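Computed from a prediction, not measured in an experiment: that's the story for all the values here.
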Amino acid sequence: MGESGGSTGLVVGVLGALPSVAGAATLVWAVARPRATARQRLGRLARPATVCAVLSLATSFGLPQASSGGGWKLAEVAVLLLLLGAVTRWSPLRELAFAVPPTALAVALWPLPLVAGASFPEAVGIATFWLLPAVAVVAAGAYPRRQEQRRRSAVAEARSAQRLQLSRDLHDFVAHDISGIVVQAQATRFVATTDPSHAVLALERIEKAGLSALAAMDRTVQMLHGPEAPATEPLPGVSQLPLLVADFTSAGAAEAQLDLPPPVAEALSREVGSAAYRIVVEALTNVRRHAPDASRVTVVFTPTATAVELRITNDRAARSAPARRRASRGGLGLPALAEHAQALGGTLSAGPHGDGSWQLTAVLPATFPKETP
């Protein structure tokens, strides 16, 4: 009987130590690797942790005599808490649902077989007390996980904003220059044989527009290199509008006139000035594309108390773009500029005006110096 009792006690002791040994071996398997490999293995601890938790519950309630010493169980609780923290921090979300509850339950319920005579409220109190370390470990693992998720979301939002900015630059500047090249090439084809001098001038304007498009593309590509890229030329503002209007007129599509009082250019911030330049570029490009019969375009800046009103009017109504073209624009053009103006605190609208004309109106915030008495 003595030998039988000693053998039984040995078996019970071995079974009681099994969850602790299994959990410790799992942790060693996960972390005893290079950093990159260790992170991958830490993300695969949900199933081993669940197995260790089930073993702990089985030995706690199936072999209550294995918990009588308490030493192995305390070590087991410590290992389960480490597994619980690692699972909460590194495991995929879909695996947390079946790994965290049994592990936390094994930590909370392990002392109950030791207090078999305790009342129900006492048992609940003991389980709640031992549940607190599990909750603390889950919180400690969830916090860096949440911070990393926020960082990834911020990076994704920044990349999305950068892609949107790149697409707007390509649309607003490159498309304008390329449409000018197309108009010049079409005009040159008809006059090349009868007026070679005009063809030479047109080729010069095509070259200038091509260089401008390349510069805009270079600026766009530089944005892809991130904050460590060298400083690039700032986006054009209202100070470049006279040259833009002159180039539009020289292309022969229509005669454009600019009315830009000096106080207006000084009152617009760099961001608002760049938005105004984009609006004028988009309006002139739309005249070239959709109102090729227009003969006159006016660009007028009118200062008010706290804003600047920009009106761009052409004397022929723009033709409606085909449905396929409108659908393929992807939210660029006037809709995107209207959103940008609204974000700056202004408004933008466009539509028929007067007798057969078309007008784009934008109200942009401005800061005028106070007049001294």
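- Checking side-chain atoms of E282 against main-chain N and O of I279 turns up no donor-acceptor pair under 3.5 Å.
- Within the 4.5 Å cutoff, no side-chain heavy atoms of W358 are placed close to those of T313.
- For F98, the CZ atom sits in a packed shell: over 12 heavy atoms of surrounding residues, nucleotides or ligands are nearer than 6.0 Å.
- S269 is not listed as a side-chain neighbour of T367, based on a closest heavy-atom distance of 4.5 Å or more.
- Between the CG atom in L360 and the OG atom in S349 there is a gap of 7.0 Å [rounded to 0.5 Å].
- Taking each heavy atom of L258 and P242 in turn, the nearest pair found is CD2-N, 3.7 Å.
- In the hydrophobic clustering, where aliphatic and aromatic side chains (Ile, Leu, Val, Met, Phe, Trp, Tyr) are joined below 4.5 Å either directly or transitively, V54 stands alone.
- For the pair L268 and P365, the tightest heavy-atom approach, listed with the atom from each and the gap, is CD2-O, 3.7 Å.
- Remark: Q342 CD is loosely packed, at most 12 non-hydrogen atoms of other residues, nucleotides or ligands lying under 6.0 Å away.
- More than 12 heavy atoms of other residues, nucleotides or ligands lie within 6.0 Å of CD in E95, so this atom counts as buried by the packing criterion.
- For A123 against L112, the heavy-atom pair with the smallest separation is O-CD2, 3.7 Å.
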Just do the side-chain contact (heavy atoms from CB on, under 4.5 Å) check on F248 and L244 with the steps written out, would you?
CA-CA 6 Å; F248 179 84; L244 174 69; 5.8 Å; no
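- Taking the side chain to side chain contact (heavy atoms under 4.5 Å, CB included) definition, one finds that R145 meets it with R89, L93, L96, sequence neighbours left out.
- Cluster annotation: L81 is connected to L74 through the hydrophobic network of ILVMFWY side chains, with a link wherever side-chain heavy atoms come within less than 4.5 Å.
- Under the 4.5 Å side-chain heavy-atom criterion for Ile, Leu, Val, Met, Phe, Trp and Tyr, V245 and V300 are members of distinct hydrophobic clusters.
- What you find for A106 and L57 is that their closest heavy atoms are CA-CD2, 3.7 Å.
- When side chains are defined from C-beta on, L45 does not count as touching W90, because their heavy atoms never get closer than 4.5 Å.
- The shortest side-chain heavy-atom distance between T88 and V100 falls under the 4.5 Å cut-off.
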Do any side-chain atoms of residues 301-310 form donor-acceptor pairs under 3.5 angstrom with protein atoms, and if so which ones, sequence neighbours left out?
from	atom 1	to	atom 2	distance (Å)
T304	OG1	A307	N	3.2
T304	OG1	A307	O	2.8
E309	OE1	R311	NE	2.9
E309	OE1	R311	NH2	3.4
E309	OE2	R311	NH2	3.0

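- Residue E76 holds its CD atom at 5.0 Å from OG1 of T59, rounded to the nearest 0.5 Å.
- At least one side-chain heavy atom of L337 sits under 4.5 Å from a side-chain heavy atom of R278.
- Taking the side chain as every heavy atom from C-beta outward, E148 and P144 never approach each other to under 4.5 Å.
- Linking ILVMFWY residues whenever their side-chain heavy atoms come closer than 4.5 Å, directly or via other members, leaves L241 and V363 in distinct clusters.
- Scored by the side chain to side chain contact (heavy atoms under 4.5 Å, CB included) test, A275 finds H340, L344 as partners (sequence neighbours excluded).
- Pairing each heavy atom of Y277 with each of P236, the nearest pair is CE2-CG, 3.4 Å.
- A heavy-atom distance below 4.5 Å is not found between the side chains of T361 and L348.
- Considering only heavy atoms from C-beta on, D259 stays 4.5 Å or farther from V299 through its side chain.
- Applying the salt bridge (Lys or Arg N to Asp or Glu O under 4.0 Å) rule to R146 yields no partners; only residues at least two apart in sequence or on another chain are considered.
- Follow the hydrophobic side-chain contacts under 4.5 Å out from L83 and you never reach L132; the two are in separate clusters.
- Between the side chains of D315 and S295, at least one donor N or O lies within less than 3.5 Å of an accepting N or O.
- Grouped with V135 in one hydrophobic cluster are L131, the linkage being side-chain heavy-atom contacts under 4.5 Å among Ile, Leu, Val, Met, Phe, Trp and Tyr residues.
- Under a 3.5 Å cut-off, the side chain of T128 and the backbone N or O of V124 do form a donor-acceptor pair.
- The two residues V107 and L80 come nearest to each other via the heavy atoms CG2-CB, 3.9 Å.
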